[in-house]
Colleague: 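The structure that follows is given in the form of structure tokens.
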Amino acid sequence: MPDTPAPRMPQDFVWGVSTSAYQVEGAVRDDGRGMSIWDTRCITKGGIGDGSNADVACDHYHRAAEDIALMRDIGVNAYRFSVAWPRIQPRGRGAVNPKGFDFYDRLIDGVLEAGIEPWLCLYHWDLPQALQDLGGWANRDCAGWYADYAALVARRYGDRVKRWVTFNEFSVFTLFGYAIPWAAPGITDRAQHLKAIHHVNLAHGAGVDVLRALVPGASIGAIHNRQQVLPEHGKPENAEAAALLDEHWNLAFPDPQLLGHYPPRIAAAIEPYVQAGDMARICRPIDWFGLNHYGPIFAKTDPSWTWGYAWGDAPAGAPDYGVGWAIFPDAFRDELLEITRRYRMPIVITENGCGGSDTVDADGAVNDPHRIAYFRLYIDRMRDAMRQGADVRGYFVWSLLDNFEWGTGYGTRFGLVHVDFQTLKRTPKASSRWYADLIRGERAVR
Ligand code: FCB
């Protein structure tokens, strides 16, 4: 049978790229920025796998114009970025920093001038350190501080920015920040983890209310990472570990935000921290479900970890293109269908992408066929899910640039554009041309 060409996406389908402030901006001490919990992590011995830090990162703070030109060359119609809270309020509350506001003015105006729509995420993990000193997300007041910060950002940019995100990957920064010490602030405590879950949910609800009140015509989403959690080696003794991790990873945030209740295991444990009226404060109508997806997780029982579960191994022989993150495109399609079934709302894929250790060839090119193969498979499964009823409105590649990959540092590169971290030279990879061709083909007149 001849190959049937892939059906085109709707003409208003959003093709974008994503970054986050801490991973690309650098300039951590410039223009009055305050310290974040990730700056603290970087100066903590053993905090970052390769001993690096994000003081310079991609220097996007000073090179935003060059990076916008790269996006224009690819032809994306959206740029998802995050605002660094410690640039806006260096101590997390109270006094604001005019130069921090100015930076995002320049960025947003430059993006709009390039014909690209800005998608602004209010929180991508870089909590001001001054708030962590007061307990961070384990302190219920943090929800109110976040709402105040959200209002400042909404007032300043709401005239030009219409696409808003309250948080990126709630479950990752709460689980890895408060129970498994893979991210800042590196706490391992069940009670603090539960409190953080609830207070971040409250902050999300307050953020939605602020955005609705201050930004006319706002389109509001929240970004959840959803990856299937499977028992390691399919063994029954790992089943409860997988079930609990599934609640922490996949359900702890979208269920209360969209269905109005916690999943069963969390509901029982979190009750002491829930006050009258909280669930209504959390469950506020939003416009779309932001999905970040990479591949399934395998869980195993391990009583020495905070919650009695640990990360297990993928089945032997599972493809991972050498990066260690298992590649299962069918799981992507299944997640899209499961979100559709469970939450019945439009979906925007806000992150999907493939890591690698890409290098520049002698002739100056960066060839990353593994990444192109990954995109082909995953975008193909996205089309399958859409044919089967998933209402997917957009797809953002993680990431525009190679960048600071949190606790591991700079070893794993996710960019469409290679960054030489010595010289900061940008080199578009083969995958960026592939993505540009895909977008051009999708837009071509039928
Ligand atoms: C996601 C994060 C993003 C990046 C990718 C690889 O979990 O949201 O910042 O680190 O993973």
Side-chain angles (χ1 to χ4, degrees), residues 16-26 36-38 41-42 47-50 52-54 57-58 60 79-85 119-127 165-177 180 182-184 200 221-229 245 248-250 252-254 289-297 311 320-327 331-332 335 348-358 368 370-371 374-375 378 395-419 431:
V17 283
S18 289
T19 65
S20 87
Y22 196 68
Q23 292 177 276
V24 299
E25 283 179 5
S36 83
I37 54 175
W38 275 93
R41 175 95 183 179
C42 288
I48 306 300
D50 64 3
S52 65
N53 60 52
C58 306
H60 184 63
Y79 176 43
R80 175 193 151 221
F81 64 100
S82 74
V83 169
W85 186 346
W119 288 51
L120 190 157
C121 176
L122 285 163
Y123 188 87
H124 199 128
W125 306 0
D126 44 358
L127 187 76
V165 178
T166 56
F167 282 87
N168 176 74
E169 293 193 355
F170 304 82
S171 61
V172 177
F173 76 85
T174 50
L175 181 64
F176 292 169
I180 298 174
W182 289 346
V200 170
I223 296 179
H224 305 284
N225 57 306
R226 274 194 64 108
Q227 340 282 337
Q228 284 153 351
V229 181
L245 177 54
H248 288 156
W249 191 264
N250 290 319
F253 296 92
F289 187 109
L291 171 68
N292 290 0
H293 180 89
Y294 292 89
I297 299 169
W311 253 241
D320 70 0
Y321 296 140
V323 179
W325 292 16
I327 291 172
F332 185 41
E335 285 299 350
V348 178
I349 293 147
T350 36
E351 281 183 30
N352 180 235
C354 182
S357 48
D358 317 299
D368 54 348
H370 66 291
R371 185 168 292 104
Y374 178 99
F375 287 140
Y378 275 69
Y395 177 92
F396 288 70
V397 167
W398 182 269
S399 176
L400 172 66
L401 302 169
D402 293 341
N403 59 47
F404 175 75
E405 184 45 39
W406 304 113
T408 57
Y410 293 96
T412 307
R413 295 170 175 272
F414 279 88
L416 292 173
V417 175
H418 180 275
V419 177
S431 58

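Bear in mind the structure is a predicted one, so any value in this text is a computation, not a measurement. In each ligand, atom 1 is the first atom listed, and ligand 1 is the first ligand listed.
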Colleague: Specify whether Phe167 and Tyr123 have parallel, tilted or perpendicular ring planes, treating 30° as the upper limit for parallel and 60° as the lower limit for perpendicular.
Modeller: tilted

Colleague: Do the ring planes of Phe332 and Tyr378 sit parallel (below 30°), tilted (30 to 60°) or perpendicular (above 60°)?
Modeller: tilted

Colleague: When Phe176 is tested against each of Phe170, Trp311, Trp125 for ring pair (Phe, Tyr, Trp, His ring centres under 6.0 Å), which residue passes?
Modeller: Trp311

Colleague: Which residue holds the protein heavy atom closest to atom 5 (C) of ligand 1, what is that atom called, and what is the gap in Å?
Modeller: Tyr294 OH, 3.3 Å

Colleague: Which residue and atom name correspond to the protein heavy atom nearest atom 11 (O) of ligand 1, and how close is it?
Modeller: Glu351 OE1, 3.6 Å

Colleague: Number the atoms of ligand 1 from 1 as they appear, then name those within less than 4.0 Å of a heavy atom of Trp398, with their elements.
Modeller: 3 (C), 4 (C), 5 (C), 6 (C), 9 (O)

Colleague: Would you please determine whether Asn168 falls within less than 4.0 Å of ligand 1 on a heavy-atom basis?
Modeller: yes

Colleague: Heavy atoms only: which of Gln23, His124, Glu169, Gln227 lies closest to atom 7 (O) of ligand 1?
Modeller: Glu169

Colleague: Any donor and acceptor pair, going by atom type alone, linking the side chain of Asp402 with main-chain N or O of Val419 inside 3.5 Å?
Modeller: yes

Colleague: Where does the angle between the aromatic ring planes of Tyr294 and Trp325 fall among parallel (under 30°), tilted (30 to 60°) and perpendicular (over 60°)?
Modeller: perpendicular

Colleague: Is the closest N or O pair between Ser20 and ligand 1 shorter than 3.5 Å?
Modeller: no

